[in-house]
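What you see below is based on every heavy atom in this structure, not just the backbone, and it leaves out hydrogens, waters and symmetry mates.
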Amino acid sequence: MGKGGKSHEETKSGEDENMAAWLVGLNTLKIQPFKLPPLGPHDARVKMKAVGICGSDVHYLKTMRCADFVVKEPMVIGHECAGIIEEVGSEVKNLLPGDRVALEPGISCWRCDLCKDGRYNLCPEMKFFATPPVHGSLAHQVVHPADLCFKLPDNVSLEEGAMCEPLSVGVHACRRANIGPETNVLVMGAGPIGLVTMMAARAFGAPRIVIVDVDDNRLSVAKNLGADGIVKVSTNMQDVAEEVERICKAMGGGVDVSFDCAGFNKTMSTALSATRAGGKVCLVGMGHHEMTVPLTPAAAREVDVIGIFRYRNTWPLCIEFLRSGKIDVKPLITHRFGFSQEEVEEAFETSAGGGSAIKVMFNL
């Protein structure tokens, strides 16, 4: 089941039990014992202090699957996390008990060609927190490779450390799209990933950013967080042409790079149509497993389409953005919960319900 631990059936009564939030069935979470594996020489045992809820966590709860990953047996949920080092393995030199760390949740093999090429996020043997059959991190303690535990500066909180995971998606997208001081950016979707992508684009130097959504509240949040322009759109495909006109007017010039942070037919079609000739569209969201979009007109304008999957080598830069104040993720954390059965259930319902919730965070 990966580094995180063993299934709850293996926990013997009478031991000092580590507790975790288990997804045990459709719409069913239970706090149950979670036995940790032995500490390896290159591992760290981390006391979890802050864990955020991601859209994928909610998807697993509501459908028991996310894309091609299917939950077939009970699984500990959660992967956006930070905590305090409690113990390190004999070969760990860079961390000490008491250090505050943010955890990168994916363990790659480091042996395949993709890993050797530095693209370890595409490793076919990746063991990723809360991606079946690997257990997640919504637990009192986890064991994790020490090289994936990144020390936090004194002025970066543990909650901000947990936010390095969603922020990493935005940072990786901006790197893939080569965002810089001459890049005007369009962001499709003002949910958590759209907002962190907007923040990352600004930190990379984007001079003008327009963000699009169907929800007034999320657009208001985006405006308060620094969007230069906001455009409310519909879910109707026939509105694309008119909405592209409004997007271009709000931009006041050409759209150099569009980030589709939703991943639907409508959002991708809009992004492809709004992006200038020679520009780029980066697909970040995965709302639809397959899409029907106007690729031929985009190809005729040499609009490049690129994709991202998770991230790689992003935690140091995310932490530096937080330390320096270039990015402030604190306003994204709208709801906080403790770690009881009742609060875990309420937290997931709050996150699933949308509304004013952007990022729901557990304080353990």
Side-chain angles (χ1 to χ4, degrees), residues 114 117-119 121-122 166-213 222 226-231 233 237 240-241 243-288 290-314 317-318 321 327:
L114 286 162
D117 195 38
R119 305 187 75 176
N121 57 310
L122 304 179
L167 180 57
S168 283
V169 176
V171 166
H172 182 50
C174 287
R175 281 176 169 170
R176 286 274 286 154
N178 294 319
I179 300 302
E182 296 180 343
T183 317
N184 287 331
V185 169
L186 169 65
V187 178
M188 304 297 300
I193 294 300
L195 294 173
V196 294
T197 300
M198 178 190 78
M199 290 174 157
R202 183 71 81 208
F204 274 80
R208 187 160 182 84
I209 303 171
V210 172
I211 193 163
V212 169
D213 204 278
D228 298 296
I230 55 174
V231 177
V233 295
M237 189 66 79
V240 168
E243 289 169 358
V244 166
E245 286 187 18
R246 290 196 283 124
I247 288 167
C248 292
K249 183 177 180 181
M251 184 65 74
V255 174
D256 299 305
V257 173
S258 293
F259 293 104
D260 182 358
C261 295
F264 297 110
N265 290 336
K266 169 78 187 301
T267 54
M268 193 62 173
S269 296
T270 303
L272 288 166
S273 300
T275 304
R276 67 166 176 81
K280 293 188 185 79
V281 174
C282 181
L283 179 57
V284 181
M286 296 183 179
H288 280 162
E290 295 181 355
M291 288 189 283
T292 301
V293 295
L295 275 181
T296 304
R301 294 183 293 115
E302 293 194 356
V303 174
D304 294 337
V305 178
I306 57 177
I308 70 156
F309 185 61
R310 294 173 178 157
Y311 32 67
R312 59 178 180 268
N313 301 315
T314 51
L317 182 56
C318 287
F321 279 153
I327 292 179

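- A distance of 9.0 Å separates CG in Asp228 from CE in Met198, rounded to the nearest 0.5 Å.
- Remark: Ser168 OG to Arg310 CZ distance equals 12.5 Å, nearest 0.5 Å.
- Glu243 has its side chain out of reach of Val212: every pair of non-hydrogen atoms, C-beta onward, lies at least 4.5 Å apart.
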Please test Leu195 against Ile211 for side-chain contact (heavy atoms from CB on, under 4.5 Å), starting from the C-alpha separation and ending with a verdict. CA-CA 9 Å; Leu195 294 173; Ile211 193 163; 4.2 Å; yes

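- In this structure, Arg202 contributes its side chain and Ile327 its backbone to no donor-acceptor pair below 3.5 Å.
- Looking only at distances, a side-chain donor or acceptor of Arg301 sits under 3.5 Å from a matching main-chain atom of Leu272.
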Apply the test side-chain contact (heavy atoms from CB on, under 4.5 Å) to residues Thr183 and Phe204: give CA-CA distance (whole Å), side-chain angles for both, the deciding distance (0.1 Å), then the verdict. CA-CA 9 Å; Thr183 317; Phe204 274 80; over 6 Å; no

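- With Asp304 contributing its side chain and Lys280 its backbone, the two residues share no donor-acceptor pair below 3.5 Å.
- Judged purely by atom type and a 3.5 angstrom limit, Asp256 uses its side chain to pair as donor or acceptor with the backbone of Asn184.
- Between Ile247 and Ala274, the shortest heavy-atom contact is CG2-CB, 4.4 Å.
- Distance check: Ile308 CD1 to Cys261 SG gives 7.5 Å after rounding to the nearest 0.5 Å.
- No donor-acceptor distance shorter than 3.5 angstrom exists from the side chain of Arg176 to the backbone of Cys282, with no hydrogens or angles considered.
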